[in-house]
2 protein chains.
Amino acid sequence: MGKGEQTRQAILDEAFSLASCVGVGGLSIGMLAERTRMSKSGLFAHFGSKEELQLAVLRESQMRFAEVVLRPALRQPRGLARLRAVIVNWLDWTRAVNLPGGCVINAAAAEFDDQPGPLREEVKNALLALRRSLGELVARAIESGELRPDTDIEQFVFELNGIYQATQQNRRLFNDQDADRRALLAFDRLVRDNAEIHAKE
Amino acid sequence: MGKGEQTRQAILDEAFSLASCVGVGGLSIGMLAERTRMSKSGLFAHFGSKEELQLAVLRESQMRFAEVVLRPALRQPRGLARLRAVIVNWLDWTRAVNLPGGCVINAAAAEFDDQPGPLREEVKNALLALRRSLGELVARAIESGELRPDTDIEQFVFELNGIYQATQQNRRLFNDQDADRRALLAFDRLVRDNAEIHAKE
DNA sequence: GACAAGAACGAACGGTCGTTCTATAAAGCG
DNA sequence: CGCTTTATAGAACGACCGTTCGTTCTTGTC
């Protein structure tokens, strides 16, 4: 890895955790230059524009997510166990990597959801990819017979996302220590409702 | 209402819908002055500081929420019907009032959750108040026998919040037309699980 | 070690930011 | 009406923004 790639990565490392606190939109070249002890112009040259830097941070975030959340779960047997592992990893991946201010992409989703442009598209694609991954995990759990064949996959993923959002808000805004437990309770209820055959009332 | 109050309200009206698009943190005196056709300093004098303006927007948002979401639901009989009415109102209150860019407070929650200060506290209190309202609605539904006595109220509210967050993201980022339907499906499942007596497996 | 390519710097630009000050205009009141 | 209070305007401030430019220093290559 040449010198250029090396410092570029160092910048991204810093930008990654900085963006966690101030948001991708709140990143500033000046602040970033200060933290990396570089000149503004020197840093700037690595990206060509602020937007390109922001996109790079989002892509960096996606890569780390795949490494930290999705990949380790492959050690679990496919089906419900693997799905559950992803959820558990997902719930505290902001603690695993250096994200003192929460998931960058998730914050960016709220930030750019009504501002058309490349950033919004990047966020959209990242979250779409996650949903597809989750959808496939659910599909495998159906195939293995752990979930009912008529399980509504999209609905399942929709609710998984809700659980995640609620957990993050509880943790970050209210310092709720029970957030993880609540999340798993909700997850188990979701699984149960799509696994059992219910007794009709 | 004197002239001062009048223009102050006009400013807040504009700030309210502007904040919906750019976030409470993204508000700027200059832009707001332009939109209201006032001078920056003239507008500024009504609040004394930007932070005070932002707080005013958050309070304005709370008031409108109570008027548009909570109050109309009082027409429903107490219990599950009223809870459901609140949820329905909640889900599309950003359409009812002028919020082209989504709920201001909800966006602010993600924006300020890791930036200590009065804004964070205001957001926190607003969301806390909402949770208390929801909690009471759930408690009434327990009293009326529509939900089981052992219903975990906090968990119930936790999941309600999740449903809301997921709905907003689906609508705003993915233009998902089915978001509302999904939300109500999730809500009904939540109610069902806390109402029926399940057959033990 | 010479030389070209790439990396980093420092200064400067035009803009916007929130805020302050002073002066003028309007509103409210007797 | 006149007088006081209040509201608004305008110009200016220092700070920071993203970006550009020319220069200098550091790499990597023959």
Side-chain angles (χ1 to χ4, degrees), chain A residues 1-16 18-19 21-60 104 107-108 111-112 115-120 122, chain B residues 1-16 18-19 21-60 104 107-108 111-112 115-120 122:
Chain A
M1 186 161 69
K3 183 79 191 338
E5 285 295 320
Q6 199 173 319
T7 56
R8 191 189 141 102
Q9 192 56 48
I11 295 169
L12 277 182
D13 282 355
E14 192 61 42
F16 181 64
L18 181 55
C21 294
V22 301
V24 174
L27 282 176
S28 93
I29 312 270
M31 168 112 296
L32 210 41
E34 198 174 290
R35 292 221 189 187
T36 53
R37 278 188 274 277
M38 288 184 65
S39 65
K40 273 170 59 175
S41 53
L43 189 148
F44 184 85
H46 282 274
F47 302 93
S49 76
K50 181 181 179 181
E51 194 172 61
E52 210 56 53
L53 186 158
Q54 293 172 310
L55 286 171
V57 169
L58 289 178
R59 292 194 203 102
E60 177 74 16
V104 173
E111 204 174 346
F112 297 114
Q115 305 185 27
L119 290 172
R120 191 192 124 109
E122 187 69 31
Chain B
M1 188 161 67
K3 183 77 185 354
E5 285 295 320
Q6 199 172 320
T7 58
R8 191 189 141 100
Q9 192 57 48
I11 295 170
L12 277 182
D13 283 356
E14 191 63 40
F16 181 65
L18 181 56
C21 295
V22 300
V24 174
L27 281 175
S28 94
I29 313 271
M31 169 114 295
L32 210 41
E34 198 175 289
R35 291 221 190 187
T36 53
R37 277 187 274 278
M38 288 184 65
S39 66
K40 272 169 62 174
S41 54
L43 188 149
F44 183 85
H46 282 274
F47 301 94
S49 77
K50 181 182 181 181
E51 193 172 61
E52 210 57 52
L53 186 158
Q54 293 171 311
L55 286 171
V57 169
L58 289 178
R59 292 195 203 102
E60 176 76 17
V104 173
E111 204 174 347
F112 298 114
Q115 306 184 26
L119 290 172
R120 190 190 125 108
E122 187 70 31

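Chain letters run A, B, ... following the sequence lines, proteins first and then strands; every chain starts at 1.
Atom pair A:Leu53:CG and D:dT19:C1' shows a separation of 13 Å (rounding to whole Å applied). The distance from atom CG of A:Leu119 to atom P of D:dG18 is 13 Å, rounded to the nearest whole Å. A:Phe47 has its CZ atom 16 Å from the P atom of D:dT20, to the nearest Å. Here D:dT6 presents its P atom at 15 Å from CZ of B:Arg8, a figure rounded to the nearest Å. To the nearest angstrom, P of C:dA7 lies 13 Å from CG of A:Leu43. Nucleotide D:dA7 holds its C1' atom 10 Å from the CD1 atom of B:Ile11, rounded to whole Å. We find that CD of A:Glu52 is positioned 14 Å from C1' of D:dG18, with the value rounded to whole Å. In this entry the distance linking CD of B:Glu34 with C1' of C:dT16 reads 12 Å, nearest Å.
Side-chain atoms of A:Met38 and A:Ile11, non-hydrogen and from C-beta on, do get closer than 4.5 Å to each other. Side-chain contact between A:Gln9 and A:Glu60: present, with at least one pair of heavy atoms (C-beta onward) separated by less than 4.5 Å. A heavy-atom distance below 4.5 Å is not found between the side chains of B:Leu18 and B:Val57.
Of the possible donor and acceptor atoms, one in the side chain of A:Arg8 sits under 3.5 Å from a partner among the backbone N and O of A:His46. A donor-acceptor contact shorter than 3.5 Å is absent between the side chain of A:Thr7 and the backbone of A:Ala10.
Where A:Gly4 and B:Lys3 meet DNA chain C, the nucleotide closest to each residue was compared, and A:Gly4 sits on the side nearer the 5' end.
If you check every strand for non-hydrogen atoms under 4.0 Å, A:Ala45 touches nothing.
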Enumerate all atom pairs, one protein N or O and one N or O from nucleotides 17-19 of chain C, separated by less than 3.5 Å.
residue: C:dC17; atom: OP1; partner: B:Ser28; partner atom: OG; Å: 2.8
residue: C:dG18; atom: OP1; partner: B:Leu27; partner atom: O; Å: 3.4
residue: C:dG18; atom: OP1; partner: B:Lys50; partner atom: NZ; Å: 2.9
residue: C:dG18; atom: OP2; partner: B:Ile29; partner atom: N; Å: 2.9
residue: C:dG18; atom: N7; partner: B:Lys40; partner atom: NZ; Å: 3.2
residue: C:dG18; atom: O6; partner: B:Lys40; partner atom: NZ; Å: 3.4
residue: C:dT19; atom: OP2; partner: B:Lys50; partner atom: N; Å: 2.7

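Look at A:His46 and you'll find a side-chain N or O under 4.0 angstrom from OP1 or OP2 of C:dA8.
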Item to complete: Kindly determine whether B:Phe47 and B:Ile29 satisfy side-chain contact (heavy atoms from CB on, under 4.5 Å), including the steps that lead there.
Response: CA-CA 11 Å; B:Phe47 301 94; B:Ile29 313 271; over 6 Å; no

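The line from CG of B:Leu12 to CG of B:Leu32 is 8.5 Å long, rounded to the nearest 0.5 Å.
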